[in-house]
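Remarks on the structure that follows.
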Amino acid sequence: MKYGYFGSMKTKPGHRDEVVSILLRSSDGLREAGCHLYVVGVSGTDDQTIWVNEVWESKEHHDASLQLPETRAAIAEAMPLLTGEFTQQEISVLGGLGLPAAP
């Protein structure tokens, strides 16, 4: 069963687009690390919140990706632009459009 991580983060005023850029730029190489889906989204009615939805081969793959040099650099670059308000939900992914079929 695949591992899903759905989260949100709040940026300091005026920094949402900059953080989105960092997140999207840092997505290079995630497929090789075991990521099946990485989606970054924003709302037209909230100029500070960013939502990130991820599907990984396993929780271990996700956790290992956080130790990659490019991931650590992106986190270090984005953190000063964030308020510290985060939400997260870990899920077991059963399937969906665009995802590999379960065995």
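Along the sequence shown, residues carry numbers from 1.
Of all heavy-atom pairs between V42 and I50, the closest is CG1-CG1, 4.3 Å. For the residue pair L23 and S26, the shortest heavy atom distance occurs at O-OG, 2.9 Å. Taking every heavy atom of both residues into account, C35 and L37 meet most closely at SG-O, 3.3 Å. Residues Q48 and K12 share a closest heavy-atom pair of NE2-C, 3.9 Å.
A salt bridge links E77 with R25: at least one charged nitrogen is closer than 4.0 Å to a carboxylate oxygen.
Taking D63 as the reference, K59 meet the salt bridge (Lys or Arg N to Asp or Glu O under 4.0 Å) condition, with sequence neighbours excluded. By the salt bridge (Lys or Arg N to Asp or Glu O under 4.0 Å) test, R31 pairs with no residue at all, sequence neighbours left out. Every residue meeting the side chain to side chain donor-acceptor pair (under 3.5 Å) condition with H15, not counting sequence neighbours, appears here in chain and number order: E18.
The backbone N or O of D46 sits less than 3.5 Å from a side-chain atom of R16, completing a donor-acceptor pair. A donor-acceptor contact shorter than 3.5 Å is absent between the side chain of T71 and the backbone of Q67.
Hydrophobic clustering (ILVMFWY, side-chain heavy atoms < 4.5 Å, transitive): V40 and V55 are in distinct clusters. Cluster membership for Y3 and L94, using ILVMFWY side-chain heavy atoms within less than 4.5 angstrom, is not shared. Cluster membership check: F6 does not share its hydrophobic cluster with M9, using side-chain heavy-atom separations under 4.5 Å among Ile, Leu, Val, Met, Phe, Trp and Tyr. Two different hydrophobic clusters hold W51 and L24 under the rule that ILVMFWY side chains link at heavy-atom gaps under 4.5 Å. In the hydrophobic clustering of this structure, V20 does not group with V39; members are Ile, Leu, Val, Met, Phe, Trp, Tyr whose side-chain heavy atoms approach within less than 4.5 Å, directly or through other members.
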Checklist entry - What do the steps show when you test W56 against V93 for side chain to side chain contact (heavy atoms under 4.5 Å, CB included), and what is the final call? => result CA-CA 9 Å; W56 290 85; V93 177; over 6 Å; no
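With values rounded to the nearest 0.5 angstrom, T11 atom OG1 is found 8.5 Å from D17 atom CG. Once rounded to the nearest 0.5 Å, the distance linking NZ of K2 with CD of E57 reads 3.5 Å. The line from CD1 of I22 to CE of M79 is 11.5 Å long, rounded to the nearest 0.5 Å. Annotation: the span from L68 atom CG to E32 atom CD amounts to 10.0 Å, rounded to 0.5 Å. Note that CD1 of I91 and CE of M1 are 10.5 Å apart. Values are rounded to the nearest 0.5 Å. From S27, atom OG reaches atom OH of Y38 across 6.5 Å, with rounding to the nearest 0.5 Å.
Counted by atom type alone, S8 and T49 present zero donor-acceptor pairs between their side chains at under 3.5 Å. Between the side chains of S58 and H61, a donor-acceptor pair is found at a separation under 3.5 Å.
Under the side-chain hydrogen bond (donor to acceptor under 3.5 Å, both in side chains) rule, Y5 has a single partner from Q88, E90, E54, which is Q88.
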